[in-house]
2 protein chains.
Amino acid sequence: MVDKIECCECCEHHTELIERVRKSGVSKERLYDLAELFKVFGDTTRIRILFALFKNEMCVCDIAELLSMTHSAISHQLRVLKQAKLVKCRKDGKTVFYSLDDSHIETIIGQGLNHVSE
Amino acid sequence: MVDKIECCECCEHHTELIERVRKSGVSKERLYDLAELFKVFGDTTRIRILFALFKNEMCVCDIAELLSMTHSAISHQLRVLKQAKLVKCRKDGKTVFYSLDDSHIETIIGQGLNHVSE
DNA sequence: TGAATATATGAACAACCGTTCATATATTCA
DNA sequence: TGAATATATGAACGGTTGTTCATATATTCA
């Protein structure tokens, strides 16, 4: 794959196509970040948490009850979601309320739901 | 977590919230499918392949050259993308051309790019 | 037909990831 | 202050996943 000559015939034919993508302006690094973002969406627990927060903010305890999972598991996932800037939190006494951080999130999940609903 | 009484105080307070999410009409199963979909987007190689196909259909060999990866690795990932109905293929002689299967895909990736571009 | 080419696929290995368990921190209230 | 409660976190374990390697299939063309 070092050189076009050593590659298959096929590659010689579509060099222009390849160059076009290379010059598209979206860097490999940005696509890497994008994959990281989708990786966060790509877990059942986290998607269910995000979906729960569509309507209202919720505390760790509520989410744990809703999903029938331990507080610890939920807390770990909320940490991942927070690092990805998908949720934010607000502390009220002992309780921490989580909510969606961004309106993009509903759009992304909405489009995904369209796709899986076909 | 069996019973509201045995749960924390907090849960008692937000039972209505929990019920509202439970009755939202989107099932656990559909959210599971949604996570599966995003899981497919959540890999650098696959995202780069999908992005490459934004502009044009491409053969396995072109994609391998573009990403500097082996034909085998690309072929394996194209299989995953095809199973998820994100790409479709067309055979022309020895060559197999892949393209995006659905217009939702560009929207989802576009929204994702918005999020990571902040 | 047989060599060359393009793609597909099964097995295996390493790396990654989500949960659990134990424990720590933070806050309230008696 | 000390008990009780809500959340956070580190370590560890088991399961998943992406790549590589070897090999198989399919197609063209001499």
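Note: hydrogens, waters and symmetry copies are ignored here, and every other heavy atom, side chains too, is used. Numbered from 1 within each chain, the chains take letters A, B, ... in sequence-line order.
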#### Entry: Selection from dC21(D), dT7(D), dT9(D) that lies nearest to any side-chain heavy atom of H76(B)
dC21(D)

### Task
Mind telling me whether F38(B) and F38(A) have parallel, tilted or perpendicular rings, with 30° and 60° as the class edges?
parallel

### Enclosure of K88(B) NZ (heavy-atom neighbours >12, cutoff 6.0 Å)
yes

### Query
Which nucleotide, in any strand shown, forms a Watson-Crick or G-U wobble pair with dT1(D), with both distances under 3.5 Å?
dA30(C)

### Query
Taking OP1 and OP2 of dT27(C), is either one under 4.0 Å from a side-chain nitrogen or oxygen of K91(A)?
yes

### Query
Y98(A) near the nucleic acid: base, sugar-phosphate alone, or nothing, with a heavy-atom cut-off under 4.0 Å?
sugar-phosphate

### Query
If you check the Q77(A) side chain, which of dT9(C), dA8(D), dG18(C) turns out closest?
dG18(C)

### Query
Just how far, in rounded Å, is P of dG15(D) from NZ of K39(B)?
15 Å

### Message
For a quick test of reading the model: is some side-chain N or O of T70(B) closer than 4.0 Å to OP1 or OP2 of dT20(D)?
### Response
yes

#### Entry: Earlier contact from the 5' end, DNA chain C, for E36(A) and A73(A)
E36(A)

### Message
Taking I63(B)'s backbone N and O only, do any of them form a donor-acceptor pair with R48(B)'s side chain (distance below 3.5 Å, no angle check)?
### Response
no

### Query
From dT19(D), dT7(D), dT19(C), pick the nucleotide closest to the side chain of T95(A)?
dT7(D)

### Query
Whole Å only: how far is the CG atom of L67(A) from the P atom of dG18(C)?
15 Å

### Query
Any sub-3.5 Å donor-acceptor pair from S117(A)'s side-chain atoms to L113(A)'s backbone N or O?
yes

### Task
Sort out the partner of dA8(C) for me: Watson-Crick or G-U wobble, both distances under 3.5 Å, none otherwise.
dT23(D)

### Message
Does dG18(C) have OP1 or OP2 under 4.0 Å away from a side-chain N or O of R46(A)?
### Response
yes

### Message
Is there a side-chain contact between R79(B) and the phosphate of dA8(C), meaning an N or O under 4.0 Å from OP1 or OP2?
### Response
no

### Message
If only side-chain N and O atoms count, and only distance matters, is there a donor-acceptor pair under 3.5 Å linking N114(A) with H104(B)?
### Response
no

### Message
In whole Å, I'd like the distance from the CZ atom of F38(B) to the P atom of dT16(D).
### Response
22 Å

### Query
Does a distance-only test, which skips hydrogens and angles, find a donor-acceptor pair under 3.5 Å between the side chain of S72(A) and the base of dC21(C)?
yes

### Query
Whole Å only: how far is the CD1 atom of I63(B) from the P atom of dA6(C)?
14 Å

#### Entry: Length of the line joining K94(A):NZ and dT25(C):P, which is rounded to integer Å
19 Å

#### Entry: Watson-Crick or G-U wobble mate for dC13(D), both contacts under 3.5 Å
dG18(C)

### Integer-rounded Å distance: dA6(C) P and D62(B) CG
11 Å

### Message
For dT7(D), is there a stacking contact with H71(A), counting only centres under 5.5 Å and planes under 30°?
### Response
no

### Integer-rounded Å distance: dG18(C) C1' and L81(A) CG
13 Å

